[in-house]
Amino acid sequence: MKAGVVVFPGTNCDVDTKRACEYFGWETSFIWHDETSLEKYDIVFLPGGFSYGDYIRAGRLARFSPVVMALSNYIGKKEGFLVGICNGFQILCEAKLLPGILSVNDNTKFICEETGLLFENKEISLPIAHGEGRYIADESTLQEIKSKKIDFLKYTSNPNGSVEDIAGLWDRENNIIGMMPHPERAIFLETGNTDGRAFFEMIDSQIKGKVLSGGIK
């Protein structure tokens with residue numbers, strides 16, 4: 001399996017994400033933000049950080065970068081997987097690849113802590129670190145999220161005020177994931193938390209299933 005980790009000016013979780021991918025045996029390389037050819041990757045990560053300094057608002061400028069402009073084509077032709085973590089989730093929403101938007105936390109403060117989550121009917125804990133992590137969407141979008149059950153990750157204590165406790169979403173076709181918590185920071189024993197492994201194991205299973213069904217060429 002080949003994974004690519006996009007690096008923007010201001011990205012700071014690229015190394016952690018690459019190391020997490022390699023833990024699962026994925027051949028992983030960095031992708032600079034001006035790259036437009038992504039077909040050789042089975043999965044592309046938009047990692048956390050502060051792309052372009054979060055000027056205007058988080059993810060707003062990155063949506064116009066060449067690599068993000070190429071993502072729709074990558075999803076459509078390659079039928080690979082795309083994952084946005086924290087700033088990556090913000091970018092995916094700004095680029096309209098996922099519904100809704102991430103806004104300033106309810107308490108208007110940057111939050112950096114471990115938080116409780118519901119994932120695959122289990123309670124886990126993952127780190128969060130963001131100032132603009134409050135997920136919001138209009139009523140029709142929320143109804144669609146509920147009906148299709150694409151909100152795969154929810155907060156148990158909702159530290160940022162996200163609507164419906166939403167911490168992570170699939171897209172409508174189950175090719176794209178966005179999430180505010182950082183699973184890549186909860187892989188190795190030295191961090192004191194390995195709950196993030198479950199997320200990467202889910203992705204690994206989804207991709208292998210898609211390869212076997214002929215979905216990833």
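Remember, predicted model here, so these are calculated numbers, not experimental data. One is the number of the first residue; the rest follow in order along the sequence.
With salt bridges taken as basic N to acidic carboxylate O contacts below 4.0 Å, none links Glu184 and Lys18. Looking at Asp151 and Lys154, a side-chain N of the basic residue comes within less than 4.0 Å of a carboxylate O on the acidic one, giving a salt bridge.
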message: salt bridge (charged side-chain N to carboxylate O under 4.0 Å, His left out) for Glu190 and Arg19? Distances and angles first, verdict last.
response: CA-CA 13 Å; Glu190 60 263 33; Arg19 190 168 174 238; 3.0 Å; yes
side-chain contact (heavy atoms from CB on, under 4.5 Å) between Tyr135 and Phe89, worked out: CA-CA 10 Å; Tyr135 182 79; Phe89 187 17; 4.0 Å; yes
query: Step by step, would you call Leu38 with Val67 a side-chain contact (heavy atoms from CB on, under 4.5 Å)?
result: CA-CA 8 Å; Leu38 303 171; Val67 71; 4.0 Å; yes
- prompt: Could you go step by step and tell me if Trp170 and Asn175 meet the side-chain hydrogen bond (donor to acceptor under 3.5 Å, both in side chains) rule?
  reply: CA-CA 7 Å; Trp170 281 99; Asn175 291 322; over 6 Å; no
message: With side-chain hydrogen bond (donor to acceptor under 3.5 Å, both in side chains) as the criterion, how do Asn87 and Ser51 come out once you've worked through the C-alpha distance, each side chain's angles and the decisive distance to 0.1 Å?
response: CA-CA 7 Å; Asn87 192 223; Ser51 57; 2.8 Å; yes
Test log, rule side-chain contact (heavy atoms from CB on, under 4.5 Å), inputs Thr191 and Arg185: CA-CA 7 Å; Thr191 67; Arg185 297 183 185 176; 5.9 Å; no
task: Using the side-chain contact (heavy atoms from CB on, under 4.5 Å) rule, take Phe152 and Phe199 through it: C-alpha gap first, then chi angles, then the decisive distance, then the call.
output: CA-CA 10 Å; Phe152 75 97; Phe199 170 79; 4.1 Å; yes
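Of all the heavy atoms in His130 and Cys86, the pair that sits closest is CB-SG, 4.0 Å. Considering all non-hydrogen atoms of both residues, Glu114 and Ser125 come closest at OE1-OG, 2.9 Å. Between Cys13 and His182, the shortest heavy-atom distance links the atoms SG-CE1, 3.7 Å. Taking both residues in full, the closest heavy atoms of Val6 and Pro47 are given as O-CD, 3.0 Å, listed atom of the first, atom of the second, then distance. Closest of all the heavy-atom pairs between Pro66 and Asp34 is CB-O, 3.7 Å. The shortest non-hydrogen separation linking Leu97 to Ile176 is O-CD1, 3.8 Å.
Put simply, the side chain of Glu164 reaches to within 4.5 Å of the side chain of Lys146, judged on heavy atoms. Counting only heavy atoms from C-beta outward, the side chains of Asn12 and Phe50 approach each other to under 4.5 Å. Using a 4.5 Å cut-off on side-chain heavy atoms (C-beta onward), Asn160 and Asp106 make no contact. Using a 4.5 Å heavy-atom cutoff, the side chains of Pro181 and Leu153 are in contact. Side chains of Leu118 and Glu123 form a contact here, defined as non-hydrogen atoms less than 4.5 Å apart. Contact check for Asp42 versus Phe81: no side-chain heavy atoms found under the 4.5 Å cut-off.
Side-chain N or O atoms of Arg197 include one that pairs as donor or acceptor with a backbone N or O of Ile187 at under 3.5 Å. Under the 3.5 Å distance criterion, the side-chain polar atoms of Asp138 are matched with a main-chain donor or acceptor of Thr141. Proximity of a side-chain donor or acceptor of Thr11 to a complementary backbone N or O of Pro9 within less than 3.5 Å is not detected. For the pair Asp195 (side chain) and Ile124 (backbone), a donor-acceptor distance under 3.5 Å is absent. One N or O on the side chain of Thr156 and one on the backbone of Gly116 form a donor-acceptor pair closer than 3.5 Å.
By the 6.0 Å contact criterion, CZ on Phe200 is enclosed, its count of non-hydrogen atoms from other residues, nucleotides or ligands being greater than 12. Remark: Gln143 CD is packed, more than 12 non-hydrogen atoms of other residues, nucleotides or ligands lying under 6.0 Å away.
Residues Ile136 and Ile111 fall into different hydrophobic clusters, defined by Ile, Leu, Val, Met, Phe, Trp and Tyr side chains chained together at heavy-atom separations under 4.5 Å. Note on Val104: it does not cluster hydrophobically with Ile56, by side-chain heavy-atom contacts below 4.5 Å among ILVMFWY residues. Neither Leu61 nor Met69 shares a network with the other; the hydrophobic side chains, linked directly or stepwise wherever heavy atoms of I, L, V, M, F, W or Y lie under 4.5 Å apart, form separate groups for each. The cluster map of Ile, Leu, Val, Met, Phe, Trp and Tyr, joined by side-chain heavy atoms under 4.5 Å apart, puts Ile177 and Ile101 in different clusters. Criterion: ILVMFWY side-chain heavy atoms under 4.5 Å apart, direct or through other members. Under it, Tyr23 and Val83 are part of a common hydrophobic cluster.
Rounded to the nearest 0.5 Å, atoms OH (Tyr41) and CE (Met1) are 14.5 Å apart. The structure places CG of Leu82 at 5.5 Å from CG of Leu46, a figure rounded to the nearest 0.5 Å. Phe119 contributes atom CZ, which lies 9.0 Å from atom NZ of Lys122 (distance to the nearest 0.5 angstrom). Taking CE from Met179 and CD1 from Ile128, the interatomic distance works out to 11.5 Å, rounded to the nearest 0.5 Å. Atoms CZ and CG, on Phe110 and Asn105 in that order, are 8.5 Å from each other to the nearest 0.5 Å. With rounding to the nearest 0.5 angstrom, the OG atom of Ser162 is 8.0 Å from the CE atom of Met180.
A cation-pi contact, defined as under 6.0 Å to the ring centre and within 45° of the axis, is absent between Arg60 and Tyr55.
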